[in-house]
Structures are given as structure tokens and as C-alpha cells.
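I have placed the structure first, in the form of C-alpha cells, so that the comments after it can refer back to it.
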Amino acid sequence: MRTGVLRRLLPTWRQPARIVVVGFALAAACGTVLLALPASSESGEATGFVTALFTSISALCVTGLIVVDTPEYWSTFGELVILGLIQLGGLGIMTTASLLGLLVSRRFGLRMRLTAQAETKALDLGDVRRVVRGVITVSLVLELIVAAVLTARLAIGYGYETGRAVYHGVFHAISAFNNAGFALYSDSLMGFATDP
């Protein structure tokens, strides 16, 4: 009986739209569980389900909406979980947009292209791999460059210790590149408003 159910369910999970939805749900669930752990909060107490879920989805969707003050509430572990969700969400959005651009640039309507792909496997797996690899490479290189600039500015201009400068530089580079809006300062980035 189990194999009959599995055989019926397996083909339905091969559809790209379902894979995206399930992938998003799994990432949000993992983020929620990790943010709910006592290690994720500065107080060492478990975070409530709604706060952990909202923060996880906000980071994954790169909206930047918060219900608790990020630097005051979350521990370094919690901030790293948020950073990972931002990176994952940003790469997902950029990859999807790039693949849609690839489809449109081939002068086919999306519906026609998806139909053709389903029938003939016309969109080469190599095209998809190249786009995904390109998005990841460009994203990481640009984030690394911005992180280096921010790290140098925080260390030289604001006297941050090297480790703190690197951490803040990397966090804000990833948050900014992915347009996430999360910051490690209670006033967001208002303290840097006059710094070009």
C-alpha cells in the first residue's frame, strides 16, 4: 500500500512550481526552528513561535520587516541564521529572475516556453546550470567586494576591532546586496547617514 501511494505522489513533486513551494516552506521551517532555539537569542531563552516564524520568513523573503530589535534580541548565532536566510532568499529571487529573463530573451512566451520544455526538454539543463552558477558567482563576488570596503571603513574610520569590522562588513554587504533591510544597529544605519 505504501509503495502505491509513493508512486502516485512522486510524479506530482517533480513539477517545478511544487518544488519551489516545498523548498520555500522547508527553508522557512528550518529557519523558524533554528531561530526558536535558546542559542538564537541574547537572553538564552527560547523565542516564541510567531517571532521566529515572522523573522525567518522576513529574512527569506528579504523584506527586512522585524518584530524584535535585531542586534538587541538575537545572539550571534541568531544573526547568522538570519544572514543565511537572507542569502538563500536573495539567491533564489535572483536565480528565478535570471531564468525568467533567459526564457523571455528567447522570444517565446512563458507559457509556450514551459509547454515546449515539458514536451521536448528544450531548455537545456546546461542553460539552467550556467545561469545558476553565474548568479551565485556574481552575487558572491560583489558581496565580497562590498564586504571588504565596509570592513576597511569600519576598521579605519570607526575604530572597530578586526573581527567586529569583518562581521559587520559581511553582514551588511549581504543584507544590502540582497536588499534585505536587516542591520546590526538598533537605529538601522542612521549613525552612518553623513558618511558617504
Side-chain angles (χ1 to χ4, degrees), residues 20 22-97 132 135-196:
V20 169
V22 169
F24 178 84
L26 285 174
C30 288
T32 301
V33 168
L34 290 172
L35 290 174
L37 295 173
S40 291
S41 70
E42 282 288 343
S43 68
E45 296 177 12
T47 299
F49 175 73
V50 173
T51 300
L53 177 67
F54 188 92
T55 304
S56 176
I57 292 175
S58 179
L60 193 58
C61 293
V62 295
T63 61
L65 299 173
I66 58 171
V67 291
V68 293
D69 187 17
T70 302
E72 294 295 321
Y73 186 84
W74 301 109
S75 66
T76 302
F77 175 74
E79 292 168 358
L80 290 173
V81 170
I82 291 168
L83 191 63
L85 291 167
I86 290 169
Q87 186 71 55
L88 188 62
L91 287 174
I93 290 168
M94 287 181 274
T95 301
T96 302
V132 171
V135 166
I136 291 171
T137 301
V138 168
S139 297
L140 294 178
V141 166
L142 290 174
E143 287 170 354
L144 186 62
I145 291 168
V146 172
V149 170
L150 289 176
T151 297
R153 180 67 183 138
L154 291 171
I156 296 167
Y158 293 92
Y160 282 33
E161 294 175 7
T162 304
R164 183 173 182 227
V166 169
Y167 179 64
H168 281 244
V170 169
F171 188 96
H172 291 101
I174 292 172
S175 183
F177 182 79
N178 291 292
N179 200 31
F182 282 85
L184 296 177
Y185 305 100
S186 294
D187 68 349
S188 189
L189 298 176
M190 292 301 295
F192 303 96
T194 58
D195 187 336

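Keep in mind it's a predicted model, so treat the numbers as computed, not measured.
- Under the ring-ring contact (aromatic ring centres under 6.0 Å, His included) criterion, Tyr158 pairs with Phe192, sequence neighbours left out.
- Side-chain contact check for Leu34 versus Leu37: some heavy-atom pair is nearer than 4.5 Å.
- In this structure Asp69 satisfies the side-chain hydrogen bond (donor to acceptor under 3.5 Å, both in side chains) test together with Ser186, sequence neighbours excluded.
- Partners of Ile174 by side chain to side chain contact (heavy atoms under 4.5 Å, CB included), not counting sequence neighbours, listed by chain and number: Leu83, Ile86, Gln87, Glu143, Val170, Asn178.
- Nearest heavy atom pair, residue Ile57 against residue Ala28, reads CG1-CB, 4.0 Å.
- Contacts of Thr63 classified as side chain to side chain contact (heavy atoms under 4.5 Å, CB included), with partners at least two apart in sequence or in another chain: Ser58, Cys61, Leu65.
- Arg153 is linked by a salt bridge (charged side-chain N to carboxylate O under 4.0 Å, His left out) to Asp195, counting only residues two or more places apart in sequence or in another chain.
- Closest of all the heavy-atom pairs between Ala147 and Ala173 is N-CB, 3.5 Å.
- Residue pairs meeting the side-chain hydrogen bond (donor to acceptor under 3.5 Å, both in side chains) criterion with at least one member in residues 45-55, sequence neighbours excluded, are Thr47-Tyr73.
- Counting only heavy atoms from C-beta outward, the side chains of Val62 and Asn179 never approach each other to under 4.5 Å.
- Each side-chain hydrogen bond (donor to acceptor under 3.5 Å, both in side chains) pair with one or both residues in residues 26-36, not counting sequence neighbours, would appear here, but there are none.
- Applying the side chain to side chain contact (heavy atoms under 4.5 Å, CB included) rule to Ala176 yields no partners; only residues at least two apart in sequence or on another chain are considered.
- The minimum heavy-atom distance linking Pro71 with Ala183 is given by the pair CD-O, 3.8 Å.
- Judged by distance alone, with hydrogens and angles left aside, the side-chain atoms of Ser75 form a donor-acceptor pair with the main-chain N or O of Ala39 at under 3.5 Å.
- Listed by chain and number, the residues in a side-chain hydrogen bond (donor to acceptor under 3.5 Å, both in side chains) with Ser139 amount to none (sequence neighbours excluded).
- In terms of the side chain to side chain contact (heavy atoms under 4.5 Å, CB included) criterion, Leu144 has no residue partners (sequence neighbours excluded).
- Contacts of Tyr167 classified as ring-ring contact (aromatic ring centres under 6.0 Å, His included), with partners at least two apart in sequence or in another chain: none.
- Between the side chain of His172 and the backbone N or O of Leu184, at least one donor-acceptor pair lies under 3.5 Å.
- Looking at Val146 and Phe177, their side chains never come closer than 4.5 Å, going by heavy atoms from C-beta outward.
- Counting heavy atoms from C-beta on, the side chains of Phe182 and Glu79 never come closer than 4.5 Å.
- Considering only residues two or more places apart in sequence or on other chains, Thr137 meets the side-chain hydrogen bond (donor to acceptor under 3.5 Å, both in side chains) condition with none of them.
- Taking 4.5 Å as the limit, every side-chain heavy atom of Tyr160 sits out of range of all side-chain heavy atoms of Thr151.
- Summarising the geometry of Ser175 relative to Gly181, their closest heavy-atom pair is OG-N, 3.6 Å, with the distance given to 0.1 Å.
- Ser41 contributes no side-chain N or O that, together with a main-chain N or O of Trp74, makes up a donor-acceptor pair within less than 3.5 Å.
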